[in-house]
Amino acid sequence: MSSSDGVPLHRLASASGAELSGDGDVLIDRVATLDAADKGAIAFLSNPKYRNRLATTRASAVIVTPTDASGTPLPKLIAENPYATYARVAAILNPPRAPVPGVHPTAVVGPGARVAASAAIGPHAVVGERTVVGERTSVGAGTVIGEDCIVGADCVLYPRVVLYSRTHVGARTIIHSGVVVGADGFGMAELGGRWLKVPQLGRTLIGADVEIGANTTIDRGAIGDTVIEDDVKLDNQIQIGHNCRIGAHTAIAGCVGIAGSTSVGSNCKIGGAAMIAGHLEIAAGSVISAATGLFESVRSPGVYTGTFPALPHREWRHVASAMRRLRSIVERVRALERDRGGKEG
């Protein structure tokens with residue numbers, strides 16, 4: 001839909017499902033912020049605190065809510081969710097480059113592997129024995145796909161991704177560089193003061209429309225499978241332990257750690273650096289705030305926070321000191337209440 005001269009606003013409205021207001025023939029060739037936009041750019045407003053910038057933006061068009069539509073005379077796309085409309089418009093204006101089909105001469109494709117004719121296998125990539133790579137899938141340079149894997153259609157595996165054996169990846173999934181899927185889980189049995197490795201015999205199953213950020217690691221199951229359901233979005237540097245299940249449409253921010261055998265329901269949101277213990281269940285629709293430590297199951301959806309807000313260091317020391325004395329203070333209050341109750345009786 002894009003061209004070197006831009007895309008008419010009315011076509012962006014039609015493709016994004018937004019309502020058009022104003023000149024639909026204005027040409028748009030890029031997206032930009034309200035402050036940086038100029039001729040040919042479309043900007044969006046989703047945060048009310050930036051509403052005053054509508055009056056000063058030099059964008060050719062804007063994306064706004066119905067409430068903010070009267071705040072500018074510019075041509076506009078009107079939508080209840082401007083950020084989602086912006087995402088659609090940005091995708092239209094920046095279509096992904098189609099991979100050039102074929103297997104690079106330096107790539108290695110194992111016996112019995114099936115690589116679709118429309119797939120692209122990059123330099124020094126490895127496709128293991130009996131592995132299937134689907135139509136139009138792009139496998140980046142230096143990526144290693146183990147034996148007996150299945151990678152669906154229209155996937156993108158950026159350079160230096162590693163999929164261990166028997167990993168399944170659903171259609172349209174994006175896996176960024178440095179990701180390791182299917183490594184052994186942290187399974188150890190203590191015996192006589194030493195550690196005995198427990199064989200990790202399960203698989204890792206990644207659904208369709210998943211995105212996995214750079215350097216994230218997802219361990220294979222110990223006996224059963226580790227499962228990432230459809231449309232899960234994982235940020236960079238996340239660790240997901242063996243036999244976890246992450247429910248569909250859940251989004252997890254960077255540096256989260258989830259210990260083994262924990263099940264996260266669908267449509268959850270987990271903030272960055274949250275630490276989640278193993279063998280827990282988190283209800284669908286739950287929100288776990290950033291840096292929260294979670295050690296018990298969450299049975300009812302809601303917002304859960306376990307982080308103490310930052311304070312000036314001197315003040316924080318006073319608070320920490322008071323918290324250390326909290327138990328003795330509670331015991332003293334209870335003793336005073338008992339004494340008072342006895343006197344009143």
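This chain uses plain numbering: 1 for the first residue, then up along the sequence.
Not counting sequence neighbours, His168 has no partner by the ring pair (Phe, Tyr, Trp, His ring centres under 6.0 Å) test.
Residue pairs meeting the ring-ring contact (aromatic ring centres under 6.0 Å, His included) criterion with at least one partner in residues 51-88, sequence neighbours excluded, are Phe44-Tyr83, Phe44-Tyr86, Tyr83-Tyr86. Evaluation of the side chain to side chain donor-acceptor pair (under 3.5 Å) test over residues 202-211, restricted to residues two or more places apart or in two chains, returns Arg172-Asp209, His176-Glu211, Arg203-Asp225. For the side chain to side chain donor-acceptor pair (under 3.5 Å) condition, the pairs that include at least one residue of residues 270-298, sequence neighbours left out, are Glu281-Arg299, Ser289-Thr305. Annotation: side chain to side chain donor-acceptor pair (under 3.5 Å) contacts involving residues 212-224, sequence neighbours excluded, comprise Thr217-Gln239, Asp219-Gln239. Within the structure, the side chain to side chain donor-acceptor pair (under 3.5 Å) test picks out the following pairs touching residues 137-149 (sequence neighbours left out): Arg130-Asp148.
Under the 3.5 Å distance criterion, the side-chain polar atoms of Ser60 are left unmatched by any main-chain donor or acceptor of Val26. Using modelled atom types, one side-chain atom of Thr262 and one backbone atom of Leu280 make a donor-acceptor pair closer than 3.5 Å. A donor-acceptor pair under 3.5 Å is formed between the side chain of Lys76 and the backbone N or O of Leu74. In this structure, the side chain of Asp235 engages the main chain of Gly254 through a donor-acceptor pair within 3.5 Å. Thr307 places a side-chain N or O within donor-acceptor distance of the main-chain N or O of Ala291, the cut-off being under 3.5 Å. Between the Asp154 side chain and the Ala171 main chain, no donor and acceptor come within less than 3.5 Å of each other. Although no hydrogens or angles enter the test, the distance criterion places no donor-acceptor pair under 3.5 Å between the side chain of Ser177 and the main chain of Arg160. In terms of modelled atom types and a separation under 3.5 Å, the side chain of Asn94 and the main chain of Ala90 share a donor-acceptor contact.
A donor and an acceptor atom, one from each side chain of His249 and Asn267, are nowhere located under 3.5 Å apart. Side-chain contact annotation: Arg325 with Ser321, donor-acceptor N/O pair under 3.5 Å present.
Residue Phe186 qualifies as open at atom CZ: its count of foreign heavy atoms under 6.0 Å is 12 or below. With a 6.0 Å radius and a threshold of 12 heavy atoms from other residues, nucleotides or ligands, Glu80 has its CD atom at or below the threshold.
Residues Leu163 and Val109 share a hydrophobic cluster, clusters being chains of Ile/Leu/Val/Met/Phe/Trp/Tyr side chains in contact below 4.5 Å.
With values rounded to the nearest 0.5 angstrom, Leu9 atom CG is found 4.5 Å from Leu77 atom CG. Atom OH of residue Tyr164 and atom CD of residue Gln200 lie 12.0 Å apart, to the nearest 0.5 angstrom. Atoms CD1 and CD1, on Ile206 and Ile175 in that order, are 6.5 Å from each other to the nearest 0.5 Å.
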